[in-house]
Amino acid sequence: MSITRVGIIGSGIMGSGIAEVAAASGHEVVLRSRSLESAESMKAGLAKSLDRQVEKGRRSAEDAAEVLGRVSTTTELSALADCDLVIESVVEDLGVKTALFEELDGIVNADAIIATNTSTLPVVEMAMATGRADKVCGIHFFNPAPAMSLVEIVRPLTASDETMAAAIAFAETCGKEPVEVSDQAGFIVNALLFPYLNNAIRLFDGGVATKEGIDAAMKGGCGFPMGPFALLDLVGLDTSLAILDALYEEFRDPNYAAVPLLRRMVAAGTLGRKTKVGFYDYRK
Ligand SMILES: NC(=O)c1ccc[n+]([C@@H]2O[C@H](COP(=O)([O-])OP(=O)(O)OC[C@H]3O[C@@H](n4cnc5c(N)ncnc54)[C@H](O)[C@@H]3O)[C@@H](O)[C@H]2O)c1
């Protein structure tokens, strides 16, 4: 099946990035947010990002206007009815996601694919909340979506080969490098990345080094483009905690047991870049 019209649910960090990627690669995009204000602010952010690309000579002004023209915003799930593919990118909470899949199943065309951008949650549970479990898979973009080339295509036990092939083809059309992975918490990247991020918090909390020192060490010593605390702030501490909790729930491995400091920072509302304070302060 060919995918031309893409619905995206959630206008947070990832929903916005995925909307940009899909529109820039020629797809019609319908972005659904619960509030029109956040959908419109996402579109304003996209306009700004496109302007910067024009200034840097990466895109013509006409091309930028066409990309922006392909994105429409809505607060209504019913506006996604005629999409070929819907990707949800709302909060990392299984209850919220399964309820959304159940509702979408009654709205979206029967032959459309419904995908999740979850980082760790069981895709099969979202699939089973619908009457089209064969047409549900994970399409997991990385942050920031316009810049990161990897997309994990997650195969739950229920997905058909046609669905997987269409999801892989969609990621390729977006200019990404898809990697297929089975539906196990954390897939590839987060299963390997999050014990490292969690243990970095443990080192800091234990007074072994400052967060600046740990970040500098992992950049200078391992050649990583950013250190663990800068990355945690980019991902969002609430999302990071939800990922660790889902990994721990699945494997009971102590490396996945969130360090208490992370849970306390989330309780305090210091979530990283999105709230302007996390391990670092972005208010200046
Ligand atoms: N942040 C990352 O680095 C990253 C990377 C890859 C995938 N993801 C995944 O993408 C998804 C979204 O993460 P994000 O980083 O964009 O989060 P975010 O906090 O930036 O955005 C979350 C979005 O969900 C919406 N939302 C919150 N509660 C909701 C509810 N009850 N019903 C409907 N919508 C609700 C919010 O309004 C917001 O639009 C999660 O599944 C996350 O695991 C995140």
Side-chain angles (χ1 to χ4, degrees), residues 7-21 31-43 45-46 73-77 80 86-104 107 114-123 125-126 129 137-154 171 174 176 178-179 181 183 185-194 197 225-226 228-247 249-250 262 266 269-276 278:
I8 292 167
I9 306 178
S11 53
I13 302 172
M14 292 306 294
S16 311
I18 299 167
E20 177 169 345
V21 169
L31 182 84
R32 187 269 182 175
S33 181
R34 288 175 303 171
S35 87
L36 199 56
E37 197 186 3
S38 59
E40 288 303 324
S41 96
M42 175 266 146
K43 201 166 171 185
L46 172 58
T73 56
T74 181
T75 54
E76 304 299 325
L77 281 180
L80 307 179
V86 174
I87 306 175
E88 75 71 26
S89 191
V90 303
V91 65
E92 186 77 338
D93 178 311
L94 188 57
V96 171
K97 288 187 192 283
T98 49
L100 182 59
F101 269 74
E102 191 177 348
E103 196 176 352
L104 278 172
I107 291 172
I114 311 180
T116 174
N117 184 45
T118 182
S119 304
T120 34
L121 297 171
V123 180
E125 295 203 25
M126 297 172 226
C137 67
I139 300 183
H140 182 216
F141 284 84
F142 286 77
N143 182 11
M148 303 300 277
S149 61
L150 177 65
V151 177
E152 289 176 332
I153 307 292
V154 184
C174 290
K176 301 297 185 189
V179 172
V181 53
D183 180 22
F187 316 128
I188 300 168
V189 172
N190 288 333
L192 295 173
L193 178 64
F194 271 84
L197 294 178
M226 63 172 69
F229 294 98
L231 182 54
L232 282 158
D233 280 353
L234 179 72
V235 170
L237 303 195
D238 52 344
T239 301
S240 298
L241 178 61
I243 290 171
L244 281 164
D245 283 347
L247 285 162
E249 169 76 19
E250 183 123 315
L262 177 63
V266 171
T270 50
L271 307 182
R273 284 182 177 270
K274 62 182 153 189
T275 57
K276 307 233 182 296

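Both ligands and their constituent atoms are indexed starting at 1 by order of listing.
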### Summary
Per-atom filter on ligand 1: closer than 4.0 angstrom to a heavy atom of Ser89 are 10 (O), 11 (C), 12 (C)

### Task
Going by heavy-atom distance to atom 23 (C) of ligand 1, choose the closest among Thr118, Val90, Leu271.
Val90

### Query
What residue and atom, counting heavy atoms only, is the protein's closest point to atom 38 (C) of ligand 1, and at what distance?
Gly12 N, 4.0 Å

### Query
Any sub-3.5 Å donor-acceptor pair from Thr75's side-chain atoms to Ser35's backbone N or O?
no

### Message
For the backbone of Pro146 and the side chain of Glu20, can you confirm whether one donor and one acceptor N or O come within less than 3.5 Å of each other?
### Response
no

### More than 12 heavy atoms of other groups within 6.0 Å of Glu40 CD
yes

## Note on the structure
protein heavy-atom neighbour closest to atom 6 (C) of ligand 1 works out as Phe141 O, 3.1 Å

### Task
With side-chain contact (heavy atoms from CB on, under 4.5 Å) as the test, would you mind laying out the steps for Glu152 and Ile188 before giving the verdict?
CA-CA 8 Å; Glu152 289 176 332; Ile188 300 168; 3.3 Å; yes

#### Entry: Identity and distance of the protein heavy atom lying nearest atom 41 (O) of ligand 1
Glu92 OE1, 2.6 Å

### Query
Non-hydrogen atoms of Ser11 versus ligand 1: any pair closer than 4.0 Å?
yes

### Message
Students should be able to answer this: which protein heavy-atom is nearest to atom 13 (O) of ligand 1, and at what distance?
### Response
Met14 CG, 4.2 Å

#### Entry: Residue selection (non-hydrogen contact nearest atom 36 (C) of ligand 1) among Arg32, Arg34, Lys274
Arg34

### Query
Can you find an N/O atom of Val96 closer than 3.5 Å to an N/O atom of ligand 1?
no

### Query
Below 4.5 Å, heavy atoms only, C-beta onward: do Ile153 and Ile139 meet side chain to side chain?
yes

## Note on the structure
Of Leu100, Ile13, Val91, Thr116, the one whose closest heavy atom lies nearest atom 22 (C) of ligand 1 is Val91

### Query
Any nitrogen or oxygen of Phe142, main chain or side chain, under 3.5 Å from a nitrogen or oxygen of ligand 1?
no

### Summary
A student checking ligand 1 against His140 at a 4.0 Å heavy-atom cut-off should list atoms 6 (C), 7 (C)

### Query
Is there a donor-acceptor pair under 3.5 Å between the side chain of Asp183 and the backbone N or O of Val123?
yes

### Query
Under a 4.5 Å cut-off applied to non-hydrogen side-chain atoms, are Val179 and Phe187 in contact?
no

### Atom indices of ligand 1, in the order listed, that fall short of 4.0 Å to a heavy atom of Ser119
6 (C), 7 (C), 8 (N), 9 (C), 42 (C), 43 (O), 44 (C)

### Query
Would you say ligand 1 has an N or O under 3.5 Å from any N or O of Ile243?
no

### Task
For Leu231 and Leu193, run side-chain contact (heavy atoms from CB on, under 4.5 Å): C-alpha distance rounded to whole Å, both residues' side-chain angles, the deciding distance at 0.1 Å, then the answer.
CA-CA 10 Å; Leu231 182 54; Leu193 178 64; 4.0 Å; yes

### Query
atom 1 (N) of ligand 1: which protein heavy atom is closest, and how many Å away?
Val235 O, 2.8 Å

#### Entry: Side chain Glu88, main chain Phe101, donor-acceptor under 3.5 Å
no

#### Entry: Glu88 heavy atom under 4.0 Å from ligand 1
no

### atom 10 (O) of ligand 1 - nearest protein heavy atom and its distance
Asn117 ND2, 3.1 Å

### Message
Regarding ligand 1, does Gly236 bring an N or O atom to under 3.5 Å of one of the ligand's N or O atoms?
### Response
no

#### Entry: Asp238, any N or O under 3.5 Å of ligand 1 N or O
no

### Task
Give a yes/no verdict on whether any heavy atom in Ser33 is under 4.0 Å from an atom of ligand 1.
no

### Straight-line distance of Met126 CE to Ile114 CD1, nearest 0.5 Å
12.0 Å

### Task
For atom 3 (O) of ligand 1, find the nearest protein heavy atom and state the residue, atom name and distance (0.1 Å precision).
Asn143 ND2, 3.0 Å

### Task
Measure from the side-chain N and O atoms of Lys176 to the backbone N and O of Met148, and report whether any donor-acceptor pair falls under 3.5 Å.
yes

### Task
Could you list the atoms of ligand 1 found under 4.0 angstrom from a heavy atom of Lys97?
40 (C), 41 (O)

### Message
Are the side chains of Asn190 and His140 in contact, using a 4.5 Å heavy-atom criterion?
### Response
yes

### Message
So does Leu234 get a backbone contact from the side chain of Asn143, meaning a donor-acceptor N/O pair under 3.5 Å?
### Response
yes

